[in-house]
Each structure stands twice: as C-alpha cells, then as structure tokens.
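Counting convention: from 1, in listed order, for ligands and their atoms alike.
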Amino acid sequence: IAGSFNAAVKDAAVDALKKQGCNVLVSDLYEMKFKATATKEDITGAVKNPEHFCYGNETMLAWQEGQLASDIVDEHKKLNEADLVIFQSLTTFVNFFKFPMYWFSVPAIMKGWMDRVLTLGFAYTLEKRYSEGIFRDKKVMLSFTTGSHETMFRSNGINGDMNVTLWPIQNGVLNYCGFQVLAPQIFWAPTHLSPEAREGLLEGWRTRLQGLLNEAPLTFPPVDIFDEGKGFQLKPEVREKQAESHFGLTVGHHLEKPLPPHNQMKAGV
Ligand SMILES: Cc1cc2nc3c(=O)[nH]c(=O)nc-3n(C[C@H](O)[C@H](O)[C@H](O)COP(=O)(O)OP(=O)(O)OC[C@H]3O[C@@H](n4cnc5c(N)ncnc54)[C@H](O)[C@@H]3O)c2cc1C
Ligand SMILES: *[C@@H]1O[C@H](CO)[C@@H](O)[C@H](O)[C@H]1NC(C)=O
Ligand SMILES: *[C@@H]1O[C@H](CO)[C@@H](O)[C@H](O)[C@H]1NC(C)=O
C-alpha cells in the first residue's frame, strides 16, 4: 500500500537490486486485486472430475494443457523468467515476499498467491521437493513488518519464539518447493518508532541488500536422510549419529531436544 512503511521497504529493495543489474519484477497483489481463493474457476476449460473436485490434480492437468487462469499463468511466467535472468546475466533473481505480519503469518492475499501459483507439477511434485525441489536454483526471502516488539517474539516473550513462527512458511512452503531460503528481514514494530529510527531500519536494509545475492541460505535437512520405505522417517543411522548432538536438527525436526539456535533466523548455524 502506497505510503506505508512496507512500501518504503519495497522501494529500497527494487532500487538496490536494479543498481546491481538485476531485472526486478514486482507483483503488487492488492493493486492486481489478486484472487486469494483456490477454486474451480482457476481452470478455464472443463474439469476432469466435477463430482469430486481435487484442486491439486485438476490444476496440474490444467497447467499441462494450458488451461490455467491467466493470473496464475502470469505469475508462473515471472517465476520462470527468473531462470532466464540467471542464465543470461549470471546474477541470481531473488524472490521476495514482502508483507505485514498478519496472525503470525502472511496476509490472506499472499497465502492465496502461494495456494494458487505454486501449482502441483509447476512448483513441486512428490518426487521433486525439499532439497530435490523444482526451484532449488532460486533464492527467496521473507521481508516483513510486525506490530509486536522483538522482545515479544523471544522464547520467553509473550508470543513465543520467532524461529518457530517462521517454520511453516519457510519450511512448509518455500523449502518444500526447493527454494534456497535467505534469512528473513524483520522490521520490528515500525509503527511505534520515531521517524529517525524508521529511517535507521531502512538504512540497515539498504546495507544488507548490497551483499544479499552472496548470502548463504538457511540450512534444511536433505531428503536422503529420510527413509521412504519407513514413511519418510529419519534413517536409523542418522538418528544414531544425532544422539550425540545436544540440539535437534531443526525447529521442526527437534528430536525431543533443545531447538538449534537461530535455526530459522540466521544462515550457517
Ligand atoms: C489482521 C491483522 C493481523 C495482525 N497480526 C499480527 C501478528 O500476528 N503479529 C504482529 O506482530 N503484528 C500483527 N499485526 C500488526 C501488523 O503486522 C503491523 O501493523 C504492520 O506490520 C505494520 O507495518 P505497516 O507497513 O503497515 O506500517 P505503517 O503503519 O504503514 O508504517 C509505520 C510508520 O512508518 C511510516 N512510514 C511510511 N513510509 C515511510 C518511509 N519511507 N520512511 C520512514 N517511515 C515511513 C508511516 O507513516 C507510519 O507512521 C496485524 C495486523 C492486522 C491488521
Ligand atoms: C489425485 O491424484 C492422486 C495421485 O495421483 C490420486 O491418488 C487421487 O485419487 C486423485 N484424486 C482425485 C479426486 O482424482
Ligand atoms: C530464534 O531467533 C532469535 C532471533 O530473533 C534468537 O535470538 C533466538 O535465540 C532464537 N531461538 C532459538 C531457539 O534459536
């Protein structure tokens, strides 16, 4: 929304990345009035099984047959074009999700983008996911504002640990599709800051943007440490090796141990 702190964050990113020679494409979902609901209307032709409509199966077929709604196709093209940029200019296209935090998550319109644009077949299959995911050559990051102060999102704060809050989107959506997930950029409670402090946050963001394309991503476990024949559970030999470790593997794969520090917040730890 124009005039919001979020808009200033976006402008700073577009500016800095263009200066680094990146081809930047922006999808302003509110301006596009992007449809958030995953429905039959996302398929332009006839659906295969109208009695038992299965969104994933039907949209995969529609994707294969060129029968997806045009707003989804447009977003697919933008995601694909990212490959072209990598190929032609040897710079990496960074997919940003920039948003105000709503209910510990993304706003409905952005969740709708994820539901509708990350189409089965196009963005993931049961064979191609996580470390073998379709977008493993692309990078992605969450950049968001909160209403809460940083202290409230600590493990002893009223909202609980931000690492835990970020796990569903960073692991369940982004890592699931194979993206290399860069550490999130969080602007804590900009509404409660002085104009000078807000300018300071933007300055810190501009500084980070200069080195962003060279940042290492967060660490997630590779799929081959799980045994498909055993319902995709951790392989016994890996579990044994992990027994010596004080920490679990990730926020999700905690193995009944303390969470690994900064697991969803910093690279390489
Ligand atoms: C439905 C809903 C659910 C929510 N759930 C949560 C939740 O679960 N957890 C949580 O923590 N919060 C939650 N919030 C709060 C929400 O995350 C914050 O209100 C939001 O992140 C604030 O960001 P903004 O961009 O809208 O700020 P704004 O209010 O737009 O901006 C803050 C200030 O920055 C100023 N500004 C604008 N442009 C610039 C500029 N260029 N330079 C410097 N300053 C500028 C603005 O004038 C304003 O004074 C929720 C809010 C809603 C509506
Ligand atoms: C959707 O596809 C899966 C996997 O191919 C299949 O098991 C399931 O029966 C399908 N569902 C419908 C409603 O067609
Ligand atoms: C998660 O993230 C914060 C940074 O906000 C960090 O200081 C905190 O200790 C982390 N929690 C864990 C378990 O690492």
Side-chain angles (χ1 to χ4, degrees), residues 1-16 26-31 34 36 96-114 141-175 181-209 215-221 242 245-269:
I1 313 278
S4 69
F5 188 73
N6 265 277
V9 168
K10 182 214 58 185
D11 291 342
V14 171
D15 234 50
V26 178
S27 296
D28 184 334
L29 299 179
Y30 286 111
E31 195 181 272
F34 193 80
F96 284 96
F97 291 91
K98 180 210 60 74
F99 56 93
M101 173 174 271
Y102 279 6
W103 293 114
F104 279 41
S105 186
V106 295
I109 199 166
M110 183 168 287
K111 181 57 166 48
W113 186 98
M114 293 171 179
M141 79 177 282
L142 301 181
S143 161
F144 61 96
T145 54
T146 65
S148 305
H149 296 284
E150 187 268 333
T151 50
M152 297 163 73
F153 270 107
R154 293 185 188 172
S155 67
N156 69 346
I158 190 165
N159 295 338
D161 194 332
M162 181 55 91
N163 298 276
V164 176
T165 307
L166 292 174
W167 176 254
I169 297 174
Q170 292 194 152
N171 181 66
V173 181
L174 305 178
N175 177 47
V181 185
L182 300 182
Q185 177 73 23
I186 308 179
F187 301 94
W188 301 101
T191 316
H192 303 292
L193 296 178
S194 67
E196 295 74 32
R198 277 196 294 270
E199 190 43 50
L201 289 187
L202 290 173
E203 210 37 60
W205 175 223
R206 288 187 202 105
T207 304
R208 181 178 176 194
L209 280 161
E215 281 185 16
L218 304 175
T219 321
F220 293 91
Q242 257 330 102
S245 171
H246 177 64
F247 294 112
L249 277 173
T250 67
V251 164
H253 314 95
H254 53 69
L255 309 174
E256 289 79 41
K257 294 166 185 252
L259 299 184
H262 303 291
N263 184 250
Q264 293 298 295
M265 300 288 290
K266 281 190 192 166
V269 283

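Across L209, I186, N6, V9, a single residue satisfies side chain to side chain contact (heavy atoms under 4.5 Å, CB included) together with S143, and that is V9.
Using the six-membered ring where Trp is involved, W188 and F153 have ring planes that are tilted, between 30° and 60° apart. Using the six-membered ring where Trp is involved, F187 and F5 have ring planes that are perpendicular, over 60° apart on the 30 and 60° scheme.
Shortest contact from atom 25 (O) of ligand 1 to any protein heavy atom: N6 ND2, 2.7 Å. When hydrogens are left out, the protein atom nearest atom 7 (O) of ligand 3 is H262 CE1, 3.3 Å; that is the closest non-hydrogen contact. What sits closest to atom 29 (O) of ligand 1 on the protein, heavy atoms only, is T191 OG1, 3.7 Å. Closest to atom 10 (C) of ligand 3 among all protein heavy atoms lies N163 ND2, 2.5 Å. Protein heavy atom in closest approach to atom 12 (N) of ligand 1: G147 N, 3.0 Å. The protein non-hydrogen atom at the shortest distance from atom 41 (N) of ligand 1 is A8 CB, 3.2 Å. From the protein, the heavy atom lying nearest to atom 13 (C) of ligand 3 is D161 OD2, 3.2 Å. Nearest to atom 47 (O) of ligand 1 among the protein's heavy atoms is G3 O, 4.4 Å. In terms of protein heavy-atom proximity, atom 5 (O) of ligand 3 is nearest to M265 CE, 3.3 Å. Looking from atom 9 (N) of ligand 1 to the surrounding protein, the closest heavy atom is M101 SD, 3.6 Å. When hydrogens are left out, the protein atom nearest atom 42 (N) of ligand 1 is L202 CD1, 3.6 Å; that is the closest non-hydrogen contact. Among all protein heavy atoms, the one lying closest to atom 5 (N) of ligand 1 is W103 N, 2.8 Å.
Under 4.0 angstrom from ligand 1, the non-hydrogen atoms of R198 all belong to its side chain. With a 4.0 Å cut-off on non-hydrogen atoms, N159 does not touch ligand 1 at all. Heavy atoms of F187 found under 4.0 angstrom from ligand 1: none, in either backbone or side chain.
Here E199 pairs with R206 in a salt bridge; the nearest charged N to carboxylate O distance falls below 4.0 Å.
Ligand 1 places these atoms under 4.0 Å from at least one heavy atom of S148: 10 (C), 11 (O). Near S4, meaning under 4.0 Å from any of its heavy atoms, are these atoms of ligand 1: 25 (O), 30 (O), 37 (C), 38 (N). Within the listing of ligand 1, atoms 11 (O) sit less than 4.0 angstrom from a heavy atom of F153.
Evaluated by nearest non-hydrogen atom to atom 3 (C) of ligand 1, the leading choice among W188, F104, Y102 is Y102. In this comparison of V9, L193, T145, the heavy atom closest to atom 21 (O) of ligand 1 sits on T145.
Between W167 and H254, the ring center distance fails the sub-6.0 Å criterion.
Checked against a 3.5 angstrom limit, the closest N/O atoms of P100 and ligand 1 fall outside it. The shortest N/O to N/O separation between E199 and ligand 1 does not fall below 3.5 Å. Polar contact check, F5 against ligand 1: a nitrogen or oxygen pair lies under 3.5 Å apart.
For the pair N175 (side chain) and Q170 (backbone), a donor-acceptor distance under 3.5 Å is absent. Listed for the D161 side chain is no donor-acceptor partner under 3.5 Å among the backbone atoms of R154. The main-chain N or O of L29 is never found under 3.5 Å from a side-chain atom of S27 such that the two would form a donor-acceptor pair. Put simply, the side chain of T207 gets close to the backbone of E203: a donor and an acceptor are under 3.5 Å apart.
Inter-residue side-chain proximity for Q185 and W205 is flagged as met; some heavy-atom pair is nearer than 4.5 Å. Within the 4.5 Å cutoff, the side chain of P107 has heavy atoms near those of the P100 side chain. Taking the side chain as every heavy atom from C-beta outward, R208 and E215 approach each other to under 4.5 Å.
Looking at S148 and N159, their side chains do bring a donor and an acceptor atom within 3.5 Å of each other.
Within the 4.0 Å cut-off (strictly below), no protein heavy atom is located near atom 19 (O) of ligand 1.
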(request) Under the side-chain contact (heavy atoms from CB on, under 4.5 Å) rule, what do K111 and I169 come out as? Steps first, then yes or no, please. (result) CA-CA 10 Å; K111 181 57 166 48; I169 297 174; over 6 Å; no
(request) List the steps, then state whether side-chain contact (heavy atoms from CB on, under 4.5 Å) holds for F144 with V106. (result) CA-CA 9 Å; F144 61 96; V106 295; over 6 Å; no
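The closest approach between P260 and ligand 3 falls below 4.0 Å for a heavy atom of the residue.
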